[in-house]
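From a predicted model like this one, the values you see are computed outputs, not experimental measurements.
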Amino acid sequence: MDQDNNSEDESVGPSEDDAQPRFPLGLSDSEAVEVLWQVRAQRRQANPDLPDTVTQLTTPEGSVVYLVGTAHFSDSSKKDVATTIRAVQPDVVVVELCQYRVSMLKMDEKTLLKEAKDINLEKVQQAIKQNGVMSGLMQILLLKVSAHITEQLGMAPGGEFREAFKEAGKVPFCKFHLGDRPIPVTFKRAIAALSLWQKARLAWGLCFLSDPISKEDVEKCKQKDLLEQTMSEMIGEFPALHRTIVAERDIYLTHTLRQAARCVEAPPNAQKVPAVVVGVVGMGHVPGIEKNWDKQLNIHEIMSVAPPSRFGWVLRTVLKGAVLGTLGYACYRAGGGVGRALLSLPAVQSLLENLRPPPA
C-alpha cells in the first residue's frame with residue numbers, strides 16, 4: 001500500500017505553525033508543489049522533543065528513521081505515534097502490517113472489536129484455504145489470543161497503525177508503506193519449523209489462554225509489546241518458532257525501513273535529499289531492528305516457503321472425513337429433506353470440492 005498525500009496538516013490547536021497555507025492566485029502546479037514542500041519544511045522540527053519510545057536510526061546517505069516502539073493495545077502508543085509524525089513531518093510512514101491485515105486501517109473500533117471476538121466457521125475455512133490446514137488453524141489460535149486481550153481490555157488492536165494512517169494523510173507528500181512480511185509466509189514457515197508434538201503443545205497452550213489482563217498491564221508492557229510478550233511466554237520452549245515469528249520479521253522490517261529511507265527528490269529541480277521516515281512497530285521488534293540495521297540482509301531466504309507435504313494432505317483429509325462423517329450421521333438422524341438442505345450449504349459444498357489429493 002502506497003499512499004501519496006498532498007493535503008495540509010489539520011490544526012490540533014490554534015497555533016501559527018498549524019495554520020493552513022494560503023496560496024497566491026495564479027500559481028502553476030509546479031509552483032504549488034514547491035510551496036507545499038516549503039510549508040512542510042517549516043513545520044518539520046530540527047530537534048524534536050519525542051517520546052522515550054522513539055529510537056533514531058540513520059543511513060549513510062543522511063536519511064533519518066524515527067522508530068516508534070508501541071504496544072498494540074495502548075492509547076499511550078497512539079499518542080506517541082501522533083506526536084512523532086506531527087513533529088518530524090515525514091516523507092514516509094512505515095507500519096508493521098502486511099496486505100493481508102490492511103483492512104484494520106479503515107475499520108472503526110466498534111467493528112474491529114466485533115470482528116476480533118467473532119471467530120466463526122467461515123473465518124476458520126478462509127484461514128485454512130489461504131494458509132493450509134496447520135497454518136490456518138494456527139492463525140485462528142493466534143486470533144484467539146488477540147481476541148482474549150481484546151475482550152479483557154475492551155480495546156481493538158492496531159490503534160497505533162490507524163493513528164499513523166490518519167496522521168500521514170495530513171502531511172504533504174507523505175507516503176504510507178506496509179512494512180511487515182506477508183502473514184501466510186510467516187505462519188507457513190512457523191509451522192514448518194515445528195515437530196508434530198510441538199504443534200500439539202503450542203495449540204494446547206493457545207486454546208487454554210485465560211489469564212486476566214488489565215490496562216495497567218498493557219502500559220507496563222511498553223518495554224515489550226503485550227501481544228508479543230504473551231506469545232513469547234507461550235513459545236519460549238520453541239526457539240524455531242521464535243525465530244520465524246519474531247527474528248525473521250525483525251529482518252524483514254529492517255529491510256523495508258531501509259528501502260523507505262532512500263533519498264527523495266525535492267522540487268523544483270528533483271534534487272536528491274535525505275529522507276525522513278517514521279516507523280511504527282511493536283516494541284518487541286525494536287532491538288532486532290537496531291541489531292540488523294547495519295548488516296547485510298538476505299530477504300529471499302526468509303521469504304521461501306516449503307511446498308505442502310503429503311502428511312499435510314493426509315491430515316487435511318482425515319479432518320474433512322471426520323467432519324463429513326459427523327455431517328452424514330446428522331443427515332441420517334434428521335431425515336432426507338434436512339440432509340439435502342445441509343448438503344446444499346456453500347460451506348459443505350466447498351468441503352466436498354476440496355476433498356481431493358494434491359497434484360503429483
Side-chain angles (χ1 to χ4, degrees), residues 1 3 5 9-10 12 50-55 66-88 90 92-119 139 142-171 174-180 183 212-232 246 249 253 256-257 277-286 289:
M1 184 174 186
Q3 171 186 293
N5 304 298
D9 194 3
E10 296 177 6
V12 181
L50 299 176
D52 294 337
T53 54
V54 178
T55 300
Y66 296 95
L67 193 60
V68 187
T70 68
H72 294 318
F73 293 83
S74 170
D75 287 330
S76 177
S77 286
K78 291 165 61 175
K79 294 175 184 175
D80 291 350
V81 168
T83 297
T84 303
I85 293 176
R86 292 172 189 174
V88 306
V92 185
V93 170
V94 181
V95 296
E96 184 200 327
L97 288 177
C98 67
Q99 65 266 36
Y100 294 92
R101 292 176 287 159
V102 71
S103 59
M104 73 162 53
L105 293 176
K106 296 185 177 180
M107 286 186 184
D108 58 71
E109 291 282 325
K110 185 176 180 181
T111 303
L112 280 165
L113 280 168
K114 182 177 181 297
E115 286 290 315
K117 295 177 182 179
D118 183 23
I119 300 177
Q139 180 178 349
L142 293 176
L143 283 175
K144 181 181 180 296
V145 175
S146 179
H148 169 67
I149 300 174
T150 297
E151 187 173 7
Q152 291 282 316
L153 301 180
M155 180 188 301
E160 75 275 31
F161 302 139
R162 290 187 290 280
E163 192 71 17
F165 185 69
K166 180 179 72 175
E167 291 296 330
K170 302 175 184 178
V171 179
C174 183
K175 296 181 179 180
F176 190 88
H177 290 180
L178 304 175
D180 203 0
I183 198 168
I213 302 166
S214 68
K215 290 192 176 184
E216 288 73 21
D217 292 331
V218 178
E219 295 310 321
K220 288 178 184 177
C221 287
K222 287 296 287 293
Q223 282 71 43
K224 190 169 186 181
D225 174 64
L226 177 62
L227 184 57
E228 290 177 11
Q229 175 167 310
T230 303
M231 289 305 306
S232 294
V246 180
R249 288 172 60 222
L253 288 164
T256 53
L257 285 165
V277 177
V278 171
V280 182
V281 302
M283 182 63 72
H285 289 292
V286 173
I289 293 172

Shortest non-hydrogen separation from [X] to [Y] and the atoms involved:
X	Y	value
C174	A168	CB-O, 3.6 Å
G179	L253	O-CD2, 3.3 Å
P51	T84	CD-OG1, 3.9 Å

Find out whether [X] and [Y] are in side-chain contact, i.e. whether some heavy atom of one side chain is under 4.5 Å from a heavy atom of the other.
X	Y	result
V281	V286	yes
H177	V277	no
V280	T70	yes
F176	V95	yes
V81	E167	no

(request) Indicate yes or no for a side-chain donor-acceptor contact from T83 to the backbone of D80 under 3.5 Å, with no hydrogens or angles considered. (result)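 Not a single qualifying donor-acceptor pair exists.
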(message) I'd like to know if the side chain of E96 and the backbone of G282 have a donor-acceptor N/O pair within less than 3.5 Å.
(response)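 Indeed, once roles are kept as given, a pair shorter than 3.5 Å links the two residues.
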(message) Is it the case that the side chains of S77 and E160 hold a donor-acceptor pair, with the cut-off being a distance below 3.5 Å and no angle test?
(response)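 Side chains of E160 and S77: no pair found under 3.5 Å.
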(message) The criterion is salt bridge (Lys or Arg N to Asp or Glu O under 4.0 Å); which residues satisfy it with K79, sequence neighbours excluded?
(response)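 K79 satisfies salt bridge (Lys or Arg N to Asp or Glu O under 4.0 Å) with no other residue.
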